[in-house]
Amino acid sequence: MIEHPYQDLCGGRWLAGNLHTHTTTSDGERDHQHVIDDYAGRGYGFLMISDHDIYTALDDYAQYDAQGMIMVPGNEITANGPHMLHVGAVDWVEPHADRQRVIDEVRSTGGGLVIFNHPNWHVNFNHCPQDLLERCEGYMGLEIYNGVISRLEGSPYATNRWDMLLTQGRRVWGYAHDDSHAASGDVGLGWNAAYVKDETPAGVVEALRAGRFYASTGVEINAIEVEGNTIRIETENAERIVALRRGAVRCGVAEGREIELEMEEGMGYVRFECWGAGEGFAWTQPFFI
């Protein structure tokens, strides 16, 4: 039997959103309204302002024109250790050096979820050490793509970190974000397409917590279907789709827009990378046998 987060795609719709966004309140170059206007103009369905250790609450958003976007409360936990997003926060959480303590406090308040940010940032590709990712419990996942790192030292991609965790049996999700700071060039790099049933901040967080989304830098997924042990992925614009199992071993490759794969015992997990033109990708969440 296959366990996966796409079992109940009914009663909602797909919305694209970014959870890693900075303003002049911390180290961004634009104020809140200009940032919101930019994302709304690109057709995004949800957005979170994630200024460094500065909590943006639902009441704070009330002074801005969201133009129909769902605004998610939260911040980027920054001081004293590797950066983490606090998504759907109900209050500010102390950025303890003990990141497990931070996660525990978020969970104890019922205030949203935690995502580790840009693991492969810096010249040593080690902003977030792998042993910390392996040691911590209770976080939802990690950024497998962070757009701003493409112009900094390190790698914007962290699927290697993700596969190491999945191979160990960890069930964590992969997220893609802009981490937008600059007035131009930092928006529309990476996003999450979430199947949202309740179009509220809590509904967006529920979809992200359940893994009912895929991460993208340009490829759109049209269908995710499972029948028995067979998985079928159809996209709008992929040129190749690659399936990876435990150990990041390729277990299927299809040229074109779709792939069908039979999952077998011993694979552990399977996830799909949909490769498009240029740096356009989409990454499904993992399927478990």
Side-chain angles (χ1 to χ4, degrees), residues 1-17 45-46 113 115 139-145 159-176 190-199 203-276 280-289:
M1 177 181 178
I2 296 178
E3 297 179 22
H4 64 95
Y6 305 111
Q7 299 181 52
D8 191 19
L9 300 181
C10 60
R13 63 174 176 145
W14 292 98
L15 298 176
F46 62 91
L113 53 90
I115 301 165
Y139 63 95
M140 278 300 109
L142 66 158
E143 288 183 332
I144 57 172
Y145 178 83
T159 54
N160 62 326
R161 306 297 203 93
W162 194 24
D163 281 311
M164 285 188 274
L165 293 168
L166 294 172
T167 296
Q168 294 176 0
R170 300 292 294 271
R171 297 198 175 191
V172 290
W173 309 133
Y175 299 79
W191 57 89
N192 303 297
Y195 193 82
V196 178
K197 299 183 179 184
D198 174 17
E199 294 191 17
V204 170
V205 173
E206 186 274 329
L208 297 169
R209 187 190 304 277
R212 207 167 55 244
F213 69 98
Y214 64 88
S216 180
T217 59
V219 171
E220 180 181 352
I221 296 179
N222 292 336
I224 303 173
E225 300 171 349
V226 177
E227 185 174 347
N229 285 342
T230 301
I231 306 168
R232 178 178 171 272
I233 309 293
E234 179 185 321
T235 73
E236 181 69 27
N237 54 334
E239 297 178 359
R240 168 181 285 188
I241 304 177
V242 177
L244 301 100
R245 63 169 177 82
R246 183 170 56 192
V249 176
R250 292 189 185 186
C251 56
V253 177
E255 303 300 329
R257 297 172 49 247
E258 59 184 89
I259 190 172
E260 190 170 287
L261 178 82
E262 185 172 350
M263 197 169 179
E264 301 173 354
E265 293 290 343
M267 287 184 170
Y269 71 90
V270 170
R271 64 176 185 84
F272 296 87
E273 294 187 348
C274 309
W275 304 2
F281 293 93
W283 298 272
T284 72
Q285 302 309 319
F287 298 74
F288 302 95
I289 190 78

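When reading the values below, keep in mind they use all heavy atoms of this one structure, side chains included, and skip hydrogens, waters and symmetry mates.
- The minimum heavy-atom distance between G141 and Y175, with the atom names listed, is CA-CE1, 4.0 Å.
- A donor atom on one side chain and an acceptor atom on the other are not found under 3.5 Å apart for E262 and N229.
- A side-chain donor-acceptor contact under 3.5 Å links Q7 to the backbone of H4.
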Stepwise side chain to side chain contact (heavy atoms under 4.5 Å, CB included) check, E199 with R13: CA-CA 9 Å; E199 294 191 17; R13 63 174 176 145; 2.5 Å; yes
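- Between V253 and R240, some side-chain heavy-atom pair lies under the 4.5 Å cut-off.
- Contact check for V242 versus W275: side-chain heavy atoms found under the 4.5 Å cut-off.
- You'll find the side chain of D8 reaches within 4.5 Å of the side chain of K197, heavy atoms only.
- Side-chain contact between L261 and C251 is present, with heavy atoms from C-beta onward closer than 4.5 Å.
- When all heavy atoms are compared, the tightest approach of L142 to R161 is CD1-CB, 3.8 Å.
- In this structure, W162 contributes its side chain and V172 its backbone to a donor-acceptor pair below 3.5 Å.
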All N/O donor-acceptor pairs, side-chain side in residues 203-216, below 3.5 Å, sequence neighbours left out:
| unit_1 | atom_1 | unit_2 | atom_2 | d |
| --- | --- | --- | --- | --- |
| E206 | OE1 | R212 | NH2 | 2.7 |
| E206 | OE2 | R212 | NH1 | 3.3 |
| R209 | NH2 | G112 | O | 3.3 |
| R212 | NE | Y195 | O | 2.9 |
| R212 | NH2 | Y195 | O | 3.2 |
| Y214 | OH | I221 | N | 3.1 |
| S216 | OG | G218 | N | 3.0 |
| S216 | OG | V219 | N | 3.3 |
| S216 | OG | V219 | O | 2.8 |
| S216 | OG | F281 | O | 3.2 |

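- Side-chain contact between P5 and W173 is present, with at least one heavy-atom pair separated by less than 4.5 Å.
- Of all heavy-atom pairs spanning A193 and W14, the tightest one is O-CZ3, 3.2 Å.
- Here the closest heavy-atom approach between residue M263 and residue I2 is recorded as CB-CD1, 3.9 Å.
- With salt bridges taken as basic N to acidic carboxylate O contacts below 4.0 Å, none links R246 and D163.
- The line from CD of Q285 to CG of N192 is 8.0 Å long, rounded to the nearest 0.5 Å.
- Here the straight-line distance linking atom CD of E234 with atom CD1 of I224 works out to 11.0 Å at 0.5 Å rounding.
- Smallest separation of non-hydrogen atoms from C274 and T235: SG-CG2, 3.8 Å.
- Using a distance-only test at 3.5 Å, with no hydrogens or angles considered, a donor-acceptor pair links the side chain of N237 to the main chain of E220.
- At a threshold of 4.5 Å between non-hydrogen side-chain atoms, the residues L113 and Y139 do not count as touching.
- Residues E258 and A254 approach most closely at O-CB, 3.4 Å, considering heavy atoms.
- Judged by distance alone, with hydrogens and angles left aside, the side-chain atoms of T284 form a donor-acceptor pair with the main-chain N or O of F272 at under 3.5 Å.
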Criterion side chain to side chain contact (heavy atoms under 4.5 Å, CB included) on E225 and I231, from CA distance to verdict: CA-CA 6 Å; E225 300 171 349; I231 306 168; over 6 Å; no
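- Here F287 and Y6 bring their ring centres to under 6.0 angstrom of each other.
- No more than 12 heavy atoms of other residues, nucleotides or ligands sit less than 6.0 Å from atom CD of E227.
- Side-chain contact between V249 and L244 is absent, with no heavy-atom pair separated by less than 4.5 Å.
- Considering only heavy atoms from C-beta on, Y269 comes within 4.5 Å of T167 through its side chain.
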Worked check of side chain to side chain contact (heavy atoms under 4.5 Å, CB included) between R171 and E3: CA-CA 11 Å; R171 297 198 175 191; E3 297 179 22; 2.7 Å; yes
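- Look at E239 and R257 and you find no salt bridge, because none of the NZ, NE, NH1 or NH2 atoms lies under 4.0 Å from a carboxylate O.
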